[in-house]
Q: 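Quick one: structure below, then a few questions.
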There are 2 protein chains.
Amino acid sequence: MKDQEKHKGDQDKQHGLTRQRLLEAAGEVFAERGFRDAVVRDICEKAGANVAAINYHFGNKQRLYSAVLKLSYETAMRKYPPTLGLTDDSTPQEQLFAFVHALLLRVLDAGRPAWHGKLVGREMAEPTVAFEEIARDMLDPLFLRLRGILAKLVPGATEDHLNRSCASIVGQCMFYYHGRAVIHRVYPSQGYGPADIEALAQHVTRFSLAGLATADNPHKKK
Amino acid sequence: MKDQEKHKGDQDKQHGLTRQRLLEAAGEVFAERGFRDAVVRDICEKAGANVAAINYHFGNKQRLYSAVLKLSYETAMRKYPPTLGLTDDSTPQEQLFAFVHALLLRVLDAGRPAWHGKLVGREMAEPTVAFEEIARDMLDPLFLRLRGILAKLVPGATEDHLNRSCASIVGQCMFYYHGRAVIHRVYPSQGYGPADIEALAQHVTRFSLAGLATADNPHKKK
DNA sequence: GCTTGATTCAAACATGCGTTTGAAATTACT
DNA sequence: AGTAATTTCAAACGCATGTTTGAATCAAGC
């Protein structure tokens, strides 16, 4: 009786795994190649599944992609939220660092936790039908948070200065993804381990704090 | 005799145009959709040519793309060189502005002069076999020039600070291309006319000059 | 053990896309 | 005008890719 239950449990565990294996494989392939260039046969081969399994478990490639986006968002935000390491009495400067650091980690870390940053980076550059949902649920809140941090750093700044500074900060971070090919070429020693990413975050934060303090602030207009 | 020559000239002019029309159409389509997603049938339709014309005039899609890259580079650099508006006695600050302004114009201007920035932006994010040549002939010189400008602005700065600052500056500019979908969503009033582009260049330059002056400069280390 | 539902499978299907082919049309030259 | 070279054409080809199909296998329940 006891042996039979154990045997049955093992079988359940085995058969529940195809869907998971597909998600895992798809996460890697989509992050690496994007939606368009990702090939379902490659995903299935990586997952050890038959090509019809995508239709069976997800309906089609697009829905698999959506499932991967959701899973990757949850994973990334759980591991690297924009509030990474903050406390209730953190300064706006510290908040900016946390935002930048977490964003860089979500994009540049190795493996699953960084699928999301890569997927969103791809959607920014080449939107698919998923962009709308990504923007609404994932990007809008992020830009809102950054905007709030900047407003605390330069009270009274103009709308344009805040907007452009947000773009400047996110642009610096995302360039390590969007421009990875040229960075690899021009700065071959650029590493992406935890210390490297932190150093980048320090640079972007410091660079941006100084840039933020520049003109376009009506109270300081010359 | 005179009528016949004129008639013949018109005919020559007409028949030499297919290749030109293909280049023009391909420039638009590749800039809009990138190499992979650009469809030769669309290019030929836009050019008013038969699909076999690409093979006849260029050999294949890849060679058409290479021809477009060359043409677009020449056009862009002729109209918006990184030395745009500079004189012999321009300051490094002015040099930085010119670099940023020209880069933004090459990416954001309307039509043919901006194919190049868009094509290179796509190659950065998703390299094709053309990347190597683009990097060698077009990106390396650009990063070298920027690096030279920055070295004049912050003499004695560390290698890392200069490298990261180059990345920060180019990243800010390229984000208006790589992140155009999210910028359109989050900042819908962001325009891209000449005055808008100049204002962006002013912002990026000012932001970056301040950021450049921050730490990591051994002479100013605290 | 039998039946039903779930899951997987191999093959086929339908479509899109870059390229090729051979003929027709056009152009250039004598 | 005739010939050769160039250019264009419509159709076909070859391949890749997402999706579908119907059968086989597996699992669950009685």
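Bear in mind that the values here come from a model prediction, so they are computed numbers and not experimental data. Numbered from 1 within each chain, the chains take letters A, B, ... in sequence-line order.
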Q: Distance check needed: D:dT19 P versus A:Asn60 CG, whole Å only.
A: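 Going from CG in A:Asn60 over to P in D:dT19 covers 5 Å.
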Q: Do B:Glu126 and B:Arg36 meet the salt-bridge criterion of a basic N to acidic O distance under 4.0 Å?
A: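 Here B:Arg36 does not pair with B:Glu126 in a salt bridge, since their nearest N and O are not under 4.0 Å apart.
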Q: Side-chain N or O of A:His57 versus OP1/OP2 of C:dA6: is the shortest distance under 4.0 Å?
A: no
Q: Measure from CZ on B:Arg19 to P on D:dT8 and round the result to the nearest Å.
A: 12 Å
Q: Tell me: CG of A:Leu17 to P of C:dT8, nearest whole Å?
A: 10 Å
Q: Distance-only criterion, 3.5 Å: show the donor-acceptor pairs between side-chain atoms of residues 41-49 of chain B and protein atoms not counting sequence neighbours.
A:
residue: B:Lys46; atom: NZ; partner: B:Glu28; partner atom: OE1; Å: 3.4

Q: Go through the structure and list residues passing salt bridge (Lys or Arg N to Asp or Glu O under 4.0 Å) with B:Arg145, not counting sequence neighbours.
A: none
Q: How are the rings of A:Phe175 and B:Phe143 set relative to one another: parallel (under 30°), tilted (30 to 60°) or perpendicular (over 60°)?
A: parallel
Q: Would one find a side-chain N or O of B:Thr18 under 4.0 angstrom from OP1 or OP2 of D:dT7?
A: no
Q: Check DNA chain C against residues 30-48 of chain A and give the residues with a non-hydrogen atom under 4.0 Å, in numerical order.
A: A:Arg41
Q: Could you list the donor-acceptor pairs under 3.5 angstrom formed by side chains in residues 73-81 of chain B, with sequence neighbours left out?
A:
residue: B:Tyr73; atom: OH; partner: B:Asp137; partner atom: O; Å: 3.4
residue: B:Thr75; atom: OG1; partner: B:Leu71; partner atom: O; Å: 2.8
residue: B:Tyr80; atom: OH; partner: B:Asp109; partner atom: OD2; Å: 2.3

Q: How long is the line joining CZ of B:Arg21 and P of D:dT7, in whole Å?
A: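 Whole-Å distance recorded here is 13 Å.
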Q: Under the side chain to side chain donor-acceptor pair (under 3.5 Å) rule, collect the residues that match up with A:Gln190, sequence neighbours excluded.
A: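 So A:Gln190 forms no side chain to side chain donor-acceptor pair (under 3.5 Å) with any residue.
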Q: Does D:dT8 have its OP1 or OP2 closer than 4.0 Å to a side-chain nitrogen or oxygen of B:Tyr56?
A: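 The answer is no; no side-chain N or O of B:Tyr56 sits under 4.0 Å from OP1 or OP2.
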Q: Would you call the rings of A:Tyr65 and A:Phe35 parallel, tilted or perpendicular if under 30° counts as parallel and over 60° as perpendicular?
A: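 Tilted.
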Q: Could you tell me how far apart A:Ile54 (CD1) and D:dT17 (P) are, to the nearest whole angstrom?
A: 13 Å
Q: Measure from CG on A:Leu22 to P on D:dG18 and round the result to the nearest Å.
A: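 One finds 14 Å between P of D:dG18 and CG of A:Leu22, rounded.
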Q: Judged by atom type as modelled, is there a donor-acceptor pair below 3.5 Å linking the side chain of A:His161 to the main-chain atoms of A:Leu212?
A: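 Checking the backbone N and O of A:Leu212 against the side chain of A:His161, a donor-acceptor pair under 3.5 Å is found.
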Q: Over all heavy atoms of both residues, which pair between A:Ser90 and A:Glu94 is shortest? Give the atoms and the distance, please.
A: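 Smallest interatomic distance, heavy atoms only, reads CA-OE1, 3.2 Å.
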Q: Dump every N/O contact between nucleotides 20-22 of chain D and the protein below 3.5 Å, one line per pair.
A:
residue: D:dT20; atom: OP2; partner: A:Asn55; partner atom: ND2; Å: 3.0

